[in-house]
Amino acid sequence: MSTLKAQAISTRRLDLLPLHVEHTEEMAAVLSDPALHTFIGGTPDTPQALRSRYQRMTAGSPDPAVSWLNWVIRLRGEACLTGTVQATVSPSCHGLTAEIAWVVGTPWQGRGIASEAARGLADWLSRQPVHTVIAHVHPEHRASAAVATAAGLTPTNEWHEGEIRWHRNIRG
């Protein structure tokens, strides 16, 4: 089975750039606010821990049937990184399923960046051999629910680790 590779994606204001370890320093600052962990738990990674995580992520999944796709979000007009989007693509009984996630640093929140990035990612995935896109959103995280909606996902009645599963069928 061939795995997918992250490719550059451009939207109206953003460039989604494939993640590289060299993004660590800037991303450590972008992701440094403990408030980003309100719904997901944990604390911000140190630059060293983030570098190690990025090394593992860019090395790819140990399972050849699974693709780890990771991007940094670059706000073109300000020439700075603002967050990340990711997709884990794996086989399911209905074809390939992409589980997506996003995070935007606190200074850039409320500007539609996460919605635009997630929509760009979902649109890119729709041009790949992906059948379904899913995301898991904390039931109290209204901003993340708005991002999932912008990406064309709808909530289901399914729960996963305290979060609601959102779903978008690309191919029926």
Side-chain angles (χ1 to χ4, degrees), residues 4-40 42 44-45 50 53-54 57-58 67-90 96-156 160 163-171:
L4 296 175
K5 300 283 184 205
Q7 300 169 350
I9 302 168
S10 290
T11 67
R12 187 174 61 80
R13 300 177 297 157
L14 308 173
D15 292 316
L16 308 183
L17 305 172
L19 176 70
H20 293 287
V21 175
E22 292 77 20
H23 293 126
T24 300
E25 187 175 322
E26 188 172 356
M27 287 307 302
V30 169
L31 303 175
S32 66
D33 187 350
L36 292 175
H37 295 266
T38 300
F39 294 103
I40 60 172
D45 282 335
L50 189 61
R53 185 157 57 105
Y54 284 0
M57 291 164 66
T58 57
S67 298
W68 290 349
L69 309 173
N70 297 277
W71 292 263
V72 292
I73 303 168
R74 181 179 172 272
L75 183 57
R76 207 176 298 119
E78 297 179 22
C80 65
L81 301 182
T82 62
T84 63
V85 290
Q86 62 187 53
T88 300
V89 180
S90 55
L96 292 178
T97 296
E99 183 171 339
I100 66 171
W102 50 84
V103 63
V104 168
T106 306
W108 299 277
Q109 291 180 2
R111 297 168 57 181
I113 293 170
S115 291
E116 186 175 333
R119 189 171 40 251
L121 173 57
D123 290 348
W124 182 83
L125 287 166
S126 74
R127 295 187 300 275
Q128 309 307 312
V130 171
H131 182 277
T132 305
V133 177
I134 62 170
H136 296 97
V137 177
H138 190 282
E140 295 174 18
H141 200 323
R142 289 189 189 101
S144 227
V147 172
T149 299
L153 282 75
T154 55
T156 69
H160 180 298
E163 296 182 319
I164 299 170
R165 179 182 165 132
W166 288 62
H167 178 270
R168 173 181 170 182
N169 240 1
I170 294 175
R171 291 173 179 75

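- In this structure, OG1 on T82 lies 8.0 Å from CZ on R111, to the nearest 0.5 angstrom.
- When atom types are taken as modelled, the side chain of D33 and the backbone of A35 share a donor-acceptor pair closer than 3.5 angstrom.
- Atom CZ of R13 is separated from atom CD1 of I113 by 5.5 Å, given to the nearest 0.5 angstrom.
- A pairwise comparison of heavy atoms in R12 and R76 identifies O-NH1, 2.9 Å as the closest pair.
- Between L4 and P129 there is a side-chain heavy-atom pair separated by less than 4.5 Å.
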Could you check N70 against Y54 for side-chain contact (heavy atoms from CB on, under 4.5 Å), going step by step and ending with a plain yes or no?
CA-CA 9 Å; N70 297 277; Y54 284 0; over 6 Å; no
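- To the nearest 0.5 Å, the span separating CH2 on W71 from CG on L19 amounts to 10.5 Å.
- Counting all heavy atoms, side chain and backbone alike, V133 lies closest to L125 at CG2-CD1, 4.2 Å.
- With values rounded to the nearest 0.5 angstrom, T88 atom OG1 is found 8.5 Å from M57 atom CE.
- Distance alone, capped at 3.5 Å, places no donor-acceptor pair between the S67 side chain and the V89 backbone.
- Of all non-hydrogen atoms in L81 and E26, the two that sit nearest each other are N-OE2, 2.8 Å.
- Taking NE2 from H136 and OG1 from T156, the interatomic distance works out to 7.5 Å, rounded to the nearest 0.5 Å.
- Under the 3.5 Å distance criterion, the side-chain polar atoms of R168 are matched with a main-chain donor or acceptor of A151.
- When all heavy atoms of K5 and L69 are compared, the pair lying nearest together is C-CD2, 3.7 Å.
- Listed here is the closest heavy atom pair of A117 and L14: N-CD1, 3.6 Å.
- Partner of V103 under the side chain to side chain contact (heavy atoms under 4.5 Å, CB included) criterion, chosen from I40, I73, L36: L36.
- Side-chain contact between M27 and V72 is present, with heavy atoms from C-beta onward closer than 4.5 Å.
- Side-chain contact between I164 and P139 is present, with heavy atoms from C-beta onward closer than 4.5 Å.
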T97 vs I134, side-chain contact (heavy atoms from CB on, under 4.5 Å): CA-CA, chis, key distance, verdict:
CA-CA 7 Å; T97 296; I134 62 170; 4.2 Å; yes
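- Between Q109 and V104, the shortest heavy-atom distance links the atoms NE2-O, 2.8 Å.
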For T58 and H20, run side-chain contact (heavy atoms from CB on, under 4.5 Å): C-alpha distance rounded to whole Å, both residues' side-chain angles, the deciding distance at 0.1 Å, then the answer.
CA-CA 7 Å; T58 57; H20 293 287; 5.6 Å; no
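- The aromatic rings of H141 and F39 lie tilted to each other, with the angle between the two planes from 30° to 60°.
- Here the CD atom belonging to Q7 is positioned 6.0 Å from the CD atom belonging to Q128, to the nearest 0.5 angstrom.
- In this structure, a donor-acceptor pair under 3.5 Å is present between the side chains of S144 and W102.
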Given side-chain contact (heavy atoms from CB on, under 4.5 Å), test H131 with N169 step by step and report yes or no.
CA-CA 6 Å; H131 182 277; N169 240 1; 3.3 Å; yes
